[in-house]
Amino acid sequence: MTEFVVKPGVKNIQNKGEKLITTHCCYCGMQCGMHIRVNEKSGKVVGVEPRYDWPVTLGKMCPKGVTAYQTVDHEERIKTPLIKKNGKFVESTWEEALDLIEKNFKRLQNEHGKDALSVFGGVSMTNEKCYLVGKYARVGLGTRYVDYNGRFCMSSAAGGFMKTLGIDRGSTLPWPEIEHTDCFFMAGSNTAECHPTSIQWLWKARDKGAKMIVADPRETPTARIADVHLDLRSGTDSALANGIMHLLVREGYVDETYVNERCNNYEELKASVAKFTPEYTSEITGVAVEKIIKAAHIYGQSPRSVVMFARGVEQQKKGVDNVSLYTSMALLRGQVGKFASGVATFTGQGNGQGGREHGQKADALPGYRKIDNPEHVKYVSSVWGIDPSEMPKAGVSAYEMFDEIQAGRIKAMHVICSNPAVSAPNNNYIWDGFNKLDFMVVSDFFLSETAEFADVVLPAATWAEDEGTTTNLEGRVIRIRKVKDPIGESKPDWEIINLIAERMGKGKYFGYKNVPEIFEEFRLASKGGKADYYGITYDRIEKEDGVFWPCPSEDHPGTPTMFIDKFGTPDGKANLAAVEWEEPGEVSDIEYPHTLTTGRVVFHYLSGTQTRRTKFLMEQCPEPYVEMHPELSTRYNIQDGDNVLLTTRRGSMTVKARLTKAIRADHVFIPYHWGKELSVNQLTNPALDPTSRMPEFKVCAVNLKKVN
Amino acid sequence: MKKVMYLEFERCIGCRSCQAACRECGGHDAKERNYVEYIDFFESRQTFPMMCMQCKDPACARVCPANAIQITEEGVVLSAMEEKCIGCRNCTFGCPFGIPKFDFEENKMYKCDMCYDRTKHDIAPMCASVCPSDAIRFIDHEEMMELRRKRTQMNLIEGKKPSENDKWQYVPEFFGVYSD
């Protein structure tokens with residue numbers, strides 16, 4: 001397999017004594033193309049070179065991408081297994097660590113039953129590994145309790161798409177097409193900071209005159225350039241979407257032919273949006289009537305439009321409803337399944353798309369199959385070589401696993417590629433849960449905040465030390481190449497899973513020798529499912545610049561544009577959403593008078609385990625802060641840089657104030673990339689969406705106090 | 001080298017990727033030589049990138065008492081030569097754009113060299129290569145002139161027409177850095 005892939009005529013700098021290896025970034029769903037520079041003699045990673053010919057990003061990288069390579073040979077890497085003795089981690093051998101894991105896992109399962117164990121996965125790793133996590137929990141350990149950090153990230157998008165379109169593929173169109181789009185309606189997405197390399201496509205469209213409508217309580221770098229900035233209150237998205245649809249119906253902007261032929265529920269939708277007049281919508285959302293009307297006219301008149309959203313609308317108690325409503329906006333205009341138009345969510349994690357399709361979810365099996373469907377269980381069991389009766393039932397969602405710990409049903413947890421000690425809401429409850437566990441294993445390559453709670457830490461390999469595939473935010477399956485061998489005694493997650501499964505007496509179901517072997521099995525496991533990867537091979541990915549799923553056979557071209565003829569629902573028609581507006585889980589009152597919302601900054605990724613160890617990124621943004629409008633700060637006599645104590649019903653924290661007029665005066669914002677006393681998730685509200693079980697990170701009531 | 005660096009300030013999203021990338025260029029000693037700054041964070045999140053203009057007759061070189069700042073045949077103004085630089089910092093004060101940086105530990109000046117190692121092979125400098133918003137580009141002179149005319153034309157499409165009083169508002173809001 002070729003390591004350095006470049007199209008004819010594209011020039012790159014190749015220093016003497018160095019080789020370039022073509023791969024993708026380890027961070028967000030953009031999965032920017034890059035070449036990693038490796039010293040041929042020492043085998044060390046020494047730098048990065050732009051991959052100008054990768055069609056999605058054209059060599060562009062954000063500061064995280066440019067510095068991503070620095071985590072590979074980082075001095076803080078964990079190089080041997082660590083065992084906690086008397087509260088302190090001691091370096092140990094793999095044998096010792098595995099002995100301890102085997103002893104405890106078996107003991108707990110004997111004493112408390114199979115489901116005493118649990119697995120907490122993540123999606124910042126390859127499809128091959130994500131697929132294995134589900135199999136590891138269900139076959140290797142035989143427990144029903146498996147879930148993953150995608151519950152905090154995109155499960156509402158998945159739930160909303162499933163409801164309306166029948167298939168959850170993050171983007172219904174390939175990204176490079178959006179330069180031909182006439183109008184973007186972006187809700188709850190700070191694209192410029194969270195997916196910076198997508199901006200080039202938006203800017204190209206704007207050069208041609210495209211319009212942008214951005215709904216966000218903050219004037220983000222994306223909202224700054226919008227034609228209309230709908231500065232709504234956090235948690236009022238469903239009212240806004242209903243309000244816009246009210247106008248689409250009233251002003252005759254609905255594509256009646258498309259809706260009649262391809263959608264259900266139009267009459268119900270019309271009835272439910274009837275009362276959302278601009279005045280009523282404005283009252284709920286806090287957006288000026290004129291802005292709502294202007295946005296609806298721009299959006300309604302655009303021949304080609306894309307509705308885009310991200311965590312802002314998804315991380316809410318009504319996340320699935322929000323996604324369904326925004327998707328319905330695109331359907332009303334007849335946009336889904338056409339050129340340069342449709343609906344898209346910005347996937348936050350590197351393999352957020354692929355990782356959620358292949359059975360890491362409590363209720364899902366590979367290929368987007370469902371564990372409560374006997375046919376699906378039968379098929380996957382046949383691929384895994386087990387009896388369908390051995391397949392555990394559905395488990396519970398990520399946050400609810402901590403309820404199970406508190407209830408004493410889960411006794412042990414294996415956390416793989418995730419850091420819930422920072423990223424889960426209501427941190428105090430999570431930390432308490434970790435302390436209650438009888439036994440805890442963490443696989444990671446840095447000692448994360450979660451790993452500090454563990455009894456055993458297993459040194460995992462980074463993305464550059466293993467190969468595989470990921471699925472980017474478009475639904476394009478791409479290739480991650482191995483750049484170097486794992487540092488010290490660290491091992492890729494799939495090898496770790498092999499070893500533990502063997503200790504648990506399930507070696508015959510695992511025992512993989514290499515990654516392609518897992519990929520072959522995984523292709524087969526996804527075959528015939530909604531997310532069908534069967535036709536995708538490593539060779540095709542290389543030749544075709546990635547392959548879009550669904551791709552049922554090797555002669556199938558893949559599916560860059562979804563839903564051209566029909567939707568993924570049983571009757572082939574999309575289901576328009578008719579949803580009432582409802583308050584978020586927590587509303588501000590006299591005691592907690594303001595709204596707290598959280599999000600990312602461009603310099604950090606998720607819980608910051610990697611980016612907080614990168615020098616350049618820490619120089620730019622070393623600590624969290626609370627962003628607030630001067631109009632609000634002046635009421636508390638808070639100056640720029642003053643310490644502010646923020647308290648919610650769940651916890652409190654002190655951070656420095658950062659004043660700007662680019663935020664609503666009744667909201668404050670704190671980025672969430674830090675742990676322990678700097679973690680804003682001590683404050684956030686774990687109100688879960690009824691369908692997706694996603695917590696409401698984006699809205700909670702808070703009070704402020706200046707402290708010295 | 002027929003290409004120019006082309007900046008379009010209002011595209012900047014403030015990600016500072018150009019600075020991270022600047023550190024990656026061979027010979028840059030992991031120190032960035034460009035700037036990204038907020039116009040006024042109190043008011044808005046608008047940022048802008050700033051880098052060396054590669055002047056035809058650079059003030060930094062003119063005021064250097066040691067003649068340490070060399071200009072390549074293509075017109076790229078280099079960092080002060082290590083063996084010549086006396087660390088007087090005249091260049092940092094002389095430059096009208098505030099570009100040259102001073103390393104107080106090594107007692108010498110350093111600045112943008114347009115990634116000379118790359119641009120001499122006609123490969124874009126690191127900052128322009130990675131800039132996610134195309135606020136910094138490395139393009140042909142002709143392409144730049146086209147882009148400038150296009151901006152005015154876009155204004156006309158949007159129904160604005162310049163008059164004698166406000167024609168300055170139609171001047172493209174960006175400029176190119178010539179190296180040739």
Side-chain angles (χ1 to χ4, degrees), chain A residues 10-13 15 30 32 34 37 46-52 57-67 69 191-193 195-200 202-204 206-209 218-225 601-603 614-617 619-621 627 630 640 658-662, chain B residues 8-28 30-32 36 38-47 115-138 146-147 150-151 153-159:
Chain A
V10 177
K11 285 201 274 187
N12 277 107
I13 290 284
N15 298 323
M30 286 303 291
C32 302
M34 56 169 65
R37 289 163 47 202
V46 291
V48 67
E49 173 69 21
R51 186 175 173 188
Y52 298 108
T57 53
L58 308 174
K60 312 289 187 197
M61 284 180 267
C62 79
K64 300 184 289 288
V66 171
T67 53
Y69 78 91
T191 305
E193 286 200 75
H195 305 86
T197 52
S198 64
I199 284 292
Q200 56 184 316
L202 299 173
W203 259 228
K204 276 181 189 131
R206 276 178 64 80
D207 286 347
K208 298 178 192 177
R218 301 163 68 216
E219 195 194 84
T220 59
T222 320
R224 174 179 61 74
I225 46 84
V601 297
V602 67
F603 306 110
T614 305
K615 189 169 162 248
F616 177 82
L617 303 173
E619 284 171 16
Q620 306 298 322
C621 187
E627 206 171 85
D640 200 44
R658 199 169 177 215
L659 306 186
T660 178
K661 291 178 192 159
Chain B
E8 208 170 322
F9 296 135
E10 69 169 53
R11 290 175 98 100
C12 180
I13 54 172
C15 72
R16 290 159 178 86
S17 208
C18 48
Q19 292 183 292
C22 188
R23 293 188 184 186
E24 296 302 315
C25 190
H28 279 193
K31 288 186 202 118
E32 77 261 15
V36 176
Y38 282 108
I39 291 182
D40 182 353
F41 187 72
F42 250 115
E43 298 300 325
S44 115
R45 291 175 213 273
Q46 174 76 66
T47 48
C115 293
Y116 191 60
D117 286 352
R118 301 177 72 85
T119 44
K120 71 182 173 202
H121 300 296
D122 242 1
I123 301 176
M126 284 303 280
C127 54
S129 298
V130 302
C131 176
S133 61
D134 278 333
I136 308 171
R137 281 184 257 190
F138 185 66
E146 234 173 74
L147 282 166
K150 206 169 188 173
R151 171 58 68 96
Q153 167 234 343
M154 279 305 284
N155 272 333
L156 295 175
I157 288 173
E158 291 193 350

For A:Phe616 against B:Arg16, the heavy-atom pair lying closest together: CZ-O, 3.4 Å
What is the minimum heavy-atom distance between B:Arg45 and A:Ala662, and which atoms define it? NH2-O, 2.9 Å
Note: A:Pro63 and B:Cys15 closest approach over all heavy atoms is CG-O, 3.0 Å
Nearest heavy-atom contact between A:Ala192 and B:Ile13 is O-CD1, 3.3 Å
Portion of B:Cys18 that has a non-hydrogen atom of chain A nearer than 4.5 angstrom: neither
Cut-off 4.5 Å, heavy atoms of chain B, and the answer for A:Asn15 is neither
Less than 4.5 Å apart, any side-chain heavy atom of A:Gln200 and any of B:Cys131? no
Could you give the distance from CE (B:Met126) to CE (A:Met61), rounded to the nearest 0.5 Å? 5.5 Å
Interface check, chain B: of A:Gly59, A:Pro196, A:Gly47, most non-hydrogen pairs under 4.5 Å belong to A:Pro196
Max heavy-atom pair count under 4.5 Å with chain B, selected residue of A:Glu619, A:Glu193, A:Lys64, A:Arg206: A:Glu619
Using only atom types and a distance under 3.5 Å, with no angle test, would you say the side chain of A:Lys11 pairs donor to acceptor with the backbone of B:Asp122? no
Under 4.5 Å between any side-chain heavy atoms of B:Glu10 and A:Ile225, yes or no? no
Heavy-atom pairs under 4.5 Å with chain A, option from B:Ile123, B:Asp134, B:Val130, B:Thr47 with the top count: B:Val130
Closest non-hydrogen contact found for A:Arg224 with B:Ser44 is CD-OG, 3.9 Å
With side-chain contact (heavy atoms from CB on, under 4.5 Å) as the test, would you mind laying out the steps for A:Ile13 and B:Arg118 before giving the verdict? CA-CA 7 Å; A:Ile13 290 284; B:Arg118 301 177 72 85; 3.8 Å; yes
Is B:Ala124 in contact with chain A via its backbone, its side chain, both, or neither, using a 4.5 Å heavy-atom distance? both
Do B:Arg11 and A:Ile199 come within less than 4.5 Å of each other through their side chains, counting heavy atoms only? no
Side chain, backbone, both or neither of B:Asp40 within contact of chain A (heavy atoms, under 4.5 Å): neither
Are A:Thr660 and B:Glu43 close enough, and set up right, to give a side-chain contact (heavy atoms from CB on, under 4.5 Å), and what steps lead you there? CA-CA 6 Å; A:Thr660 178; B:Glu43 298 300 325; over 6 Å; no
Would you find more than 12 non-hydrogen atoms of other residues, nucleotides or ligands less than 6.0 Å from A:Lys208 atom NZ? yes
Show the nearest heavy-atom pair for residues B:Ser133 and A:Trp203, with the distance to one decimal. O-CD1, 3.6 Å
Max heavy-atom pair count under 4.5 Å with chain B, selected residue of A:Lys204, A:Lys615, A:Met34, A:Glu627: A:Glu627
Those residues at least two apart in sequence (or on a different chain) that pass side chain to side chain donor-acceptor pair (under 3.5 Å) with B:Arg137 are B:Glu8
Taking the six-membered ring of B:Phe41, is the NZ or CZ of A:Arg658 close enough (under 6.0 Å from the centre) and on axis enough (within 45°)? yes
Contacting region of A:Thr197 [heavy-atom separation from chain B under 4.5 Å]: both
Test of understanding: with side chain to side chain donor-acceptor pair (under 3.5 Å), list the residues that count as partners of A:Gln620, not counting sequence neighbours. none
